[in-house]
Student: 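Pasting a structure below so you can have a look.
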2 protein chains.
Amino acid sequence: MVTIKDIAQMANVSRSTVSRVLNNSGYVSEDARERVEKVIEETGYVPSEYAKSLRTKKTKVIGVILPTIQTETPSRIVTGLGKELEKHGYQILLTNTNLDKDKELEYLDLLKMRQVDGIILIATNTEPKLIKKIKQVDIPVVIVGQESEEAMCVSYDDYHAARELTSFLISKGHVKIAFIGVNETDHAVGYLRKKGFFDEMESRLLPVEKDWIQQGIFDIDSGHASMERIITDSQHQPTATIAVTDRLAIGAMSYLKKQGIQIPEAMAIAGIGASEMSQYIDPPLTTIDYQNEKAGTEAAKQILARIYSQKIQEKIILDYRLIIRNSV
Amino acid sequence: MVTIKDIAQMANVSRSTVSRVLNNSGYVSEDARERVEKVIEETGYVPSEYAKSLRTKKTKVIGVILPTIQTETPSRIVTGLGKELEKHGYQILLTNTNLDKDKELEYLDLLKMRQVDGIILIATNTEPKLIKKIKQVDIPVVIVGQESEEAMCVSYDDYHAARELTSFLISKGHVKIAFIGVNETDHAVGYLRKKGFFDEMESRLLPVEKDWIQQGIFDIDSGHASMERIITDSQHQPTATIAVTDRLAIGAMSYLKKQGIQIPEAMAIAGIGASEMSQYIDPPLTTIDYQNEKAGTEAAKQILARIYSQKIQEKIILDYRLIIRNSV
DNA sequence: CTGTTAGCGCGTTCAA
DNA sequence: TTGAACGCGCTAACAG
């Protein structure tokens, strides 16, 4: 391995001089600079970021913790993060919990050990022990996708999005609306979206039957199963269904099609997330676009601002957009 | 920041002793060990991986270069990589080219600078300058998804997969078969799958009209556009179409549906990749499963074996599986 | 069993 | 304009 020392010897200067041309700092004669650059060119020398980090205490690495990389939301966020971080010479150290909550805590420690300059946590919950750990690691952390009063965060307006979606269905004449949600420990997706739905229904004085409310997990099959329960268990058949993710909605649609239930005539359906498939499925799915990639770039900007200790806004709530398609 | 030195002082031992208990190496008295462990516990000290790496020349980080994180194939591979690497205490440094080929070269350099122990390249081409760069960086590199004689690789049997898929359509009675491919600089997806198709057609003495062969890019819309050209331009209408990816196939299906062309009666269709959507689209798509996650774990095993300089198999070609569904 | 010593590759004073 | 010297936090001989 070729080091700064080798370059110095070959160019007949001291290591300091090499360091100066490398970092463009201090004075260095044109003559010396040229010799050094020539040698660097010839040897293909690349300075060790590790050694540099040891001195500068900056690694230029941002740790990212995500629940899974196999769904569109986190993928888009990471894409956004990557684009923004790259501009500033930062790299991403990726950790994947595969939906194991304990690993969120574990990786927080691990990333600290790796001396990352900051951490982006694509969160699925905001439980106290997680918040506590975040404070404890003593590294800038930005939470994406969940709102929190106690940490920096970039999140979506889940409550109003769900509410507006519900309102839209009502405006289309639906009064019996079913709802497929997820566990409420996921505050954003599980709790807020559900609350938005219920509040809107209540404000319109529309009753909601118990069997209309189903809970799935984050996959297509559970959307299928949820819709099956809605259809078979309900006293009064609803005429529309809101699912908190597009995947759940797509699963629900696949059950309806299998049963020969017409969409949207016999059952309207809407999702949230603007997945790519939502526009190609038949019929195209009404959904809500959250601009996940933008959430990623925003989170990146936040963490960088924090690292360079600029004044920052602690809490960002992004806008959403209702996409109306033929499933309703 | 608390360092090994602080721990040593507080525990009244030398830094070496602390290092010994940290790494469980050499002898250390029970008494000393307990004191050290107690202090570590109290201070919440975590050793700096950076400083360690500087000495050991091992970073326990694997660089990953991928073309995009927004499609299922790379996501699954990364999931597989992550699972295997984690078992061995390795982390992933992620770089995303967003399909910009120049960045593949750039990131190879960057990862070298970061002193990663190995690099996994999820490749979209095997151009000479890429291979040259790989040799030049002098770090173990494993290519995933493309076959190469000159570098370690984990790839799929694209040729036989395409051939078998073609053979299957023929066995279903189709003789006029269209093909939606991609640019052949992508040797695996563009060249080999196409060759498999043509060779099988030829061996069955089935002619292929020029307009049956279309080229798209890696997205759904271009599958739609390709099918439109097939339908509108062809002299003789084909009765089946093979698309080299599921996304292309799904795009093609969306065009057919829009035109009211029945699948599979008027046009059978098959894809490759076993995307999640392939089983939920209507009708469910016949496709080929490549076990991408396994490709990831295999690649991880390869790179680790190489790092620990065990004897390794340079080239791994994974098996595939034909999934027959109603689109044919 | 333990401490001393000597770097790993680099950036940064401080003199010269 | 340059180089010597020091230290970042850690591991690895080598003595003791």
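Chain identifiers are assigned alphabetically (A, B, ...) following the order of the sequence lines, protein sequences preceding nucleic acid strands; residue numbering begins at 1 within each chain.
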Student: Expressed as a whole number of angstroms, how long is the span from A:Leu22:CG to C:dT12:P?
Tutor: 12 Å
Student: Between B:Lys87 and B:Glu84, does any side-chain N to carboxylate O distance fall below 4.0 Å?
Tutor: yes
Student: Counting the atoms with a prime plus P, OP1 and OP2 as sugar-phosphate, which does A:Thr17 contact under 4.0 Å by heavy atoms, base, sugar-phosphate, or nothing?
Tutor: sugar-phosphate
Student: Base of D:dT11, side chain of B:Arg15 - is there a donor-acceptor contact under 3.5 Å?
Tutor: yes
Student: Check the distance between D:dA4's P and A:Lys5's NZ and give it to me in whole angstrom.
Tutor: 13 Å
Student: Quick one: which of C:dT4, D:dG9, D:dA4 gets closest to the side chain of B:Ser14?
Tutor: C:dT4
Student: Tell me: CG of B:Asn24 to P of C:dC1, nearest whole Å?
Tutor: 14 Å
Student: In terms of side-chain geometry, is the basic nitrogen of A:Arg35 or A:Glu30 positioned less than 4.0 Å from the acidic oxygen of its partner?
Tutor: no
Student: Distance check: side-chain N/O of A:Ser19 vs OP1/OP2 of C:dG11, anything under 4.0 Å?
Tutor: yes
Student: Hey, are A:Glu147 and A:Lys315 close enough for a salt bridge, meaning a charged N less than 4.0 Å from a carboxylate O?
Tutor: yes
Student: Of all of residues 51-58 of chain A, which get a heavy atom below 4.0 angstrom from DNA chain C, listed by number?
Tutor: A:Ala51, A:Lys52, A:Leu54, A:Arg55
Student: Less than 4.0 Å between a side-chain N and a carboxylate O, is that true for B:Lys103 and B:Glu106?
Tutor: no
Student: At less than 3.5 Å, do the side-chain atoms of B:Ser16 and the base atoms of D:dT11 form a donor-acceptor pair?
Tutor: no
Student: Could you go step by step and tell me if B:Lys60 and B:Glu49 meet the salt bridge (charged side-chain N to carboxylate O under 4.0 Å, His left out) rule?
Tutor: CA-CA 9 Å; B:Lys60 291 230 150 196; B:Glu49 283 290 331; over 6 Å; no
Student: Is any side-chain N or O of B:Ser48 closer than 4.0 Å to OP1 or OP2 of D:dC10?
Tutor: no
Student: If I take atom CG in residue A:Asn12 and atom P in nucleotide D:dT1, what distance separates them, rounded to the nearest angstrom?
Tutor: 19 Å
Student: So what does B:Ser29 touch, heavy atoms closer than 4.0 Å: a base, only the sugar-phosphate, or nothing?
Tutor: sugar-phosphate
Student: Which of these nucleotides, C:dC1, D:dT11, C:dG3, is closest to any side-chain atom of B:Asn23?
Tutor: D:dT11
Student: Looking at B:Lys38 and B:Glu42, is there a salt bridge between them, counting it only when a charged N and a carboxylate O are closer than 4.0 Å?
Tutor: yes
Student: Take the angle between the ring planes of A:Tyr156 and A:Tyr290 and call it parallel below 30°, perpendicular above 60°, tilted in between.
Tutor: parallel
Student: Where along residues 109-118 of chain A does a heavy atom fall under 4.0 Å from DNA chain C?
Tutor: none
Student: Has A:Gln146 got a side-chain atom pairing as donor or acceptor with A:Ala188's backbone, closer than 3.5 angstrom?
Tutor: yes
Student: Closer than 4.0 angstrom, basic N to acidic O: yes or no for A:Glu37 and A:Arg33?
Tutor: yes
Student: D:dT11, OP1 or OP2 - any side-chain N/O from B:Tyr50 closer than 4.0 Å?
Tutor: no
Student: Show, in sequence, the C-alpha distance, side-chain angles and deciding distance for A:Asp109 and A:Lys133, and conclude whether the salt bridge (charged side-chain N to carboxylate O under 4.0 Å, His left out) test is met.
Tutor: CA-CA 9 Å; A:Asp109 268 335; A:Lys133 191 79 185 177; 2.9 Å; yes
Student: Please give, in whole Å, the distance from D:dC8 C1' to B:Met1 CE?
Tutor: 10 Å
Student: Between B:Lys60 (NZ) and D:dT11 (P), how many Å, whole number?
Tutor: 13 Å
Student: Could you state the OH-C1' distance from B:Tyr27 to D:dA12, rounded to the nearest angstrom?
Tutor: 16 Å
Student: Rounded off to whole Å, could you give me the CZ-to-P distance for the A:Arg20 and C:dG9 pair?
Tutor: 20 Å
